[in-house]
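So the structure is just underneath, and the comments pick up after that.
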Amino acid sequence: MPELPEVEVVRRGLERWVAGRTVTEVEVLHPRAVRRHPAGGADFASRLKGQRFEVARRRGKYLWLPLADTGTSVLGHLGMSGQLLVQPEDAADEKHLRIRIRFDDATGTELRFVDQRTFGGLSLHDQTPDGLPDVIAHIARDPLDPEFDEAAFHRALRLRRTTVKRALLDQSLISGVGNIYADEALWRSRLHYDRPTATLTRPRSAELLGHARDVMNEALAVGGTSFDSLYVNVNGESGYFDRSLDAYGREDEPCRRCGTPMRRRPWMNRSSYFCPRCQRPPRPSA
DNA sequence: AGATCGCCCTGCTTGC
DNA sequence: TGCAAGCAGGGCGATC
């Protein structure tokens with residue numbers, strides 16, 4: 001389940017191993033992996049051939065590789081289980097290999113997109129004047145972006161008629177926060193997931209944002225979170241989160257602050273983990 | 001137009 | 001032991 005820190009680890013891997021290389025051959029092995037490329041796999045492959053990758057960029061959980069001198073980029077999202085691997089050309093195909101990209105150099109390695117659950121994919125898009133693939137122009141900056149607009153974020157929280165966890169997962173307000181880190185940031189902030197955003201004072205929302213940023217930076221420092229073998233970084237090494245999570249996945253385990261058993265609640269076809277004592281539900285509004 | 005919710009997919013886990 | 005249901009979940013798009 002790659003979240004923002006894992007995607008950033010992958011971006012760095014791409015920067016190191018793929019930037020500057022020129023594509024000679026593209027194989028699309030599963031149509032779902034290019035479903036965001038409306039013209040289809042053959043078009044994706046032919047348009048990519050001969051192009052040179054520039055340094056990978058990222059916003060939230062999206063990453064993209066600009067193609068030199070074209071005004072276009074290969075946009076990627078890892079979804080639930082996607083991996084971008086730089087592998088020796090003669091390495092056996094992974095079971096869930098979806099896309100293979102070969103290069104014109106003599107390094108003997110190729111780029112592979114591997115994805116078990118096929119929520120992720122690659123596609124080719126024009127760039128906006130900001131250098132963003134046009135289809136993600138609506139995605140907000142993420143908390144690790146130096147240009148993240150904190151004041152605008154706080155204003156939006158006050159104006160929205162929604163609850164705090166929904167807002168954290170709303171990619172048009174703040175990007176890169178998934179279910180896991182949302183629960184972590186809320187636990188650290190002692191906020192219940194159903195708290196209406198309009199009731200958050202500026203200091204409270206600033207604290208929440210700070211915790212979201214801290215969780216991500218800590219995960220980044222150890223190479224990204226990973227609970228299972230699904231997440232592997234660009235070189236095939238598993239990331240890990242040594243200091244285990246405080247909230248997510250800890251149902252019935254003692255809260256690390258107060259010892260109260262943590263709870264899990266079904267929430268939007270997902271789960272929310274929280275401490276019933278530290279994170280009190282909001283009073284029903286009249 | 002903001003808010004909500006169903007759907008896409010596969011494999012592991014759980015329960016009968 | 002085997003099968004089916006449950007669960008994981010980001011983001012898109014339909015709907016109200």
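Chain naming here is simple, since letters A, B, ... match the order of the sequence lines and numbering starts at 1 in each.
- At least one donor-acceptor pair under 3.5 Å links the side chain of A:Arg98 to the backbone N or O of A:Gln116.
- The backbone N or O of A:Glu8 lies less than 3.5 Å from no partner atom in the side chain of A:Arg11, so there is not a single donor-acceptor pair.
- Using a 3.5 Å distance cut-off with no hydrogens or angles, the side chains of A:Lys49 and A:Thr24 do not pair a donor with an acceptor.
- Checking the phosphate oxygens (OP1, OP2) of C:dA8, a side-chain nitrogen or oxygen of A:Ser271 falls inside 4.0 Å.
- A donor-acceptor pair under 3.5 Å links the side-chain atoms of A:Arg280 to the main chain of A:Pro276, judged by distance alone.
- Ion pairing between A:Asp115 and A:Arg32 fails under the 4.0 Å rule for side-chain N and carboxylate O.
- Direction of the helix axis in the helix from B:dG2-C:dC16 to B:dC16-C:dG2 shifts by 50° between the two five-pair termini, rounded to 10°.
- Less than 4.0 Å separates DNA chain B from at least one heavy atom of each of the following residues of residues 29-44 of chain A: A:Arg32.
- Side-chain atoms of A:Trp187 do not come within 3.5 Å of backbone N or O of A:Ala182 as any donor-acceptor pair.
- A salt bridge does not link A:Arg263 with A:Glu251: every distance from a Lys NZ or Arg NE/NH1/NH2 to an Asp or Glu carboxylate oxygen is 4.0 Å or more.
- Residue A:His77 has a polar side-chain atom (N or O) positioned under 4.0 Å from OP1 or OP2 of C:dG11.
- The side chain of A:Thr118 sits closest to B:dC9 out of C:dG11, C:dA8, B:dC9.
- Taking atom CG on A:Asp115 and atom P on C:dA8, their separation rounds to 19 Å, with Å as the unit.
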Any N/O pairs under 3.5 Å between the protein and nucleotides 2-5 of chain B? List them or say none.
residue	atom	partner	partner atom	Å
B:dA3	OP1	A:Arg161	N	2.6
B:dA3	OP2	A:Arg160	NE	3.1
B:dA3	OP2	A:Arg160	NH1	2.7
B:dT4	OP2	A:Thr162	OG1	3.4

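- Listed nucleotides: B:dC9, C:dA8, B:dG11. Nearest to the side chain of A:Gln116: B:dG11.
- One interatomic measurement links the two molecules: CG of A:Leu63 to P of C:dG11, which rounds to 12 Å at whole-angstrom precision.
- An OP1 or OP2 oxygen of C:dG11 is reached within less than 4.0 angstrom by a side-chain nitrogen or oxygen of A:Gln171.
- For the pair A:Met80 CE and C:dC7 P, the computed distance is 15 Å after rounding to whole Å.
- Between the side chain of A:Arg161 and the main chain of A:Thr197, no donor-acceptor pair closer than 3.5 Å is present.
- In this structure, the CG atom of A:Leu78 is 19 Å from the P atom of B:dC9, given to the nearest Å.
- A donor-acceptor pair under 3.5 Å is formed between the side chain of A:Arg21 and the backbone N or O of A:Trp17.
- One atom, CD of A:Gln83, and another, P of B:dT10, lie 16 Å apart when rounded to the nearest Å.
- The CG atom of A:Leu75 sits 11 Å away from the P atom of C:dG11 (whole-angstrom rounding).
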Practice task
Carefully, step by step, assess A:Trp267 and A:Asp194 under the rule side-chain contact (heavy atoms from CB on, under 4.5 Å).
Solution key: CA-CA 10 Å; A:Trp267 185 87; A:Asp194 267 343; 3.9 Å; yes

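- With rounding to whole Å, A:Glu251 atom CD is found 14 Å from B:dT13 atom C1'.
- The existence of a salt bridge linking A:Arg47 and A:Asp43 is confirmed by a sub-4.0 Å separation between a basic side-chain nitrogen and an acidic carboxylate oxygen.
- The pair A:Arg12-A:Glu6 does not count as a salt bridge, with every side-chain nitrogen at least 4.0 angstrom from each carboxylate oxygen.
- For B:dC9, neither phosphate oxygen OP1 nor OP2 lies less than 4.0 angstrom from any side-chain nitrogen or oxygen of A:His96.
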